[in-house]
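Here, residue 1 is the first one in the sequence, and each next residue gets the next number.
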Amino acid sequence: MVFESQHPLVKHKLTLMRDKNTKPKKFRQLIREISMLLCYEATADLHTTPIAVESPMGTAQGVELVDKVGLIPVLRAGLGMVDGIWEMMPGAEVWHIGLYRDEQTLKPVSYYNKLPTLPTVQVCLVLDPMLATGGSATATVDLLKKWGARRVKFVGILAAPEGIARLQGAHPDVPIHIAHIDSHLNEIGYIVPGLGDAGDRQFGTA
């Protein structure tokens, strides 16, 4: 249930993201591009139905998507992943869940939840560049399942083994699609070697 991308483009762009000299504008562009590539892999099992369309040369058999998809970026770092995926799936709904990590306890604290009253999609993609301690991802999936979501996937850029273990332990049915699994967490809960704080590097607040 853990899918680490082996795509050369993902590996190349991730290397550029890690570089401490990469400026926020370029960093945002890279998040958008990697998110598009990860979305391609994470949505390979979406359900479709056969349809026929008229091409200039005749009738062609094709398919259209049946599953409706919801994008749930974990604020604020997850915002950078939305545009790339939205470009691939312009019909996707976007909802926001706000969580921040208490730097003392390393536990997630919820401060914003903008889910509709009832689920309106078949598949939810939780978007967060960093799966570090796993606290925010686990809390987000908790909220989505209590809300009624049946199919949830996590899509991120970097993960630590500790974060993967925590999310899998709490939600073994949630696939994890990630660009790369790094070595470990340091003493303050950051991924090593990582890329720093994804939110700060996107928004120039480091």
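Listed here is the closest heavy atom pair of P129 and A77: CG-O, 3.4 Å. Among all heavy-atom pairs drawn from R166 and G134, the shortest one is CD-C, 4.0 Å. The shortest non-hydrogen separation linking D173 to M1 is O-CE, 3.3 Å. Listed here is the closest heavy atom pair of L185 and A160: CD2-CB, 3.5 Å. When every heavy atom of M81 is checked against every heavy atom of G156, the shortest pair comes out as CE-CA, 4.1 Å. Residues P193 and S183 come closest through the heavy atom pair CD-N, 4.3 Å.
Taking the salt bridge (Lys or Arg N to Asp or Glu O under 4.0 Å) definition, one finds that D83 meets it with nothing, sequence neighbours left out.
Cluster note: V53 groups with I51 through ILVMFWY side-chain heavy atoms spaced under 4.5 Å, whether in direct contact or through intervening members.
When each of K11, H177, E41 is tested with S5 by the rule side-chain hydrogen bond (donor to acceptor under 3.5 Å, both in side chains), just one qualifies, namely E41.
Here the straight-line distance linking atom NZ of K146 with atom CG of L115 works out to 12.5 Å at 0.5 Å rounding. Atoms CG and CD, from L30 and Q202 in turn, are 11.0 Å apart once rounded to the nearest 0.5 Å. Atom-to-atom distance recorded for K153:NZ and C39:SG is 9.5 Å, nearest 0.5 angstrom. Taking CD1 of I176 as the start and CD1 of I181 as the end, the distance is 8.0 Å to the nearest 0.5 Å. Here the OG1-CD1 distance, from T43 to I85, works out to 8.5 Å after rounding to the nearest 0.5 Å. Here the NE2 atom belonging to H7 is positioned 14.0 Å from the CG atom belonging to L14, to the nearest 0.5 angstrom.
Checked by atom type and distance alone, the side chain of R201 pairs as donor or acceptor with a backbone atom of M17 at under 3.5 Å. Between the side chain of T22 and the main chain of L16, a donor-acceptor pair closer than 3.5 Å is present.
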Practice item. Please test H180 against E4 for side chain to side chain donor-acceptor pair (under 3.5 Å), starting from the C-alpha separation and ending with a verdict. Key: CA-CA 6 Å; H180 190 75; E4 183 181 23; 3.2 Å; yes
Exercise for review: Show your working on side-chain contact (heavy atoms from CB on, under 4.5 Å) between M130 and L195 and close with a plain yes or no.
Suggested key: CA-CA 9 Å; M130 313 296 278; L195 49 74; 3.9 Å; yes
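A salt bridge (Lys or Arg N to Asp or Glu O under 4.0 Å) check over residues 124-137, counting only residues at least two apart or in different chains, returns nothing. Residue pairs satisfying the ring-ring contact (aromatic ring centres under 6.0 Å, His included) criterion with at least one member in residues 123-174, sequence neighbours excluded, are listed as follows: W95-W147. Screening residues 16-30 for salt bridge (Lys or Arg N to Asp or Glu O under 4.0 Å), with sequence neighbours left out, gives R18-D182.
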What side-chain donor-acceptor pairs closer than 3.5 Å can you find for residues 60-75, not counting sequence neighbours?
{"from": "D67", "atom 1": "OD1", "to": "H47", "atom 2": "ND1", "distance (Å)": "3.3"}
{"from": "D67", "atom 1": "OD2", "to": "H47", "atom 2": "N", "distance (Å)": "2.8"}
{"from": "D67", "atom 1": "OD2", "to": "H47", "atom 2": "ND1", "distance (Å)": "3.4"}
{"from": "D67", "atom 1": "OD2", "to": "R151", "atom 2": "NH1", "distance (Å)": "3.0"}
{"from": "K68", "atom 1": "NZ", "to": "E93", "atom 2": "OE2", "distance (Å)": "3.4"}

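When side chains are defined from C-beta on, R150 does not count as touching Q122, because their heavy atoms never get closer than 4.5 Å.
Within 6.0 Å of CZ in F3 there are more than 12 heavy atoms belonging to other residues, nucleotides or ligands.
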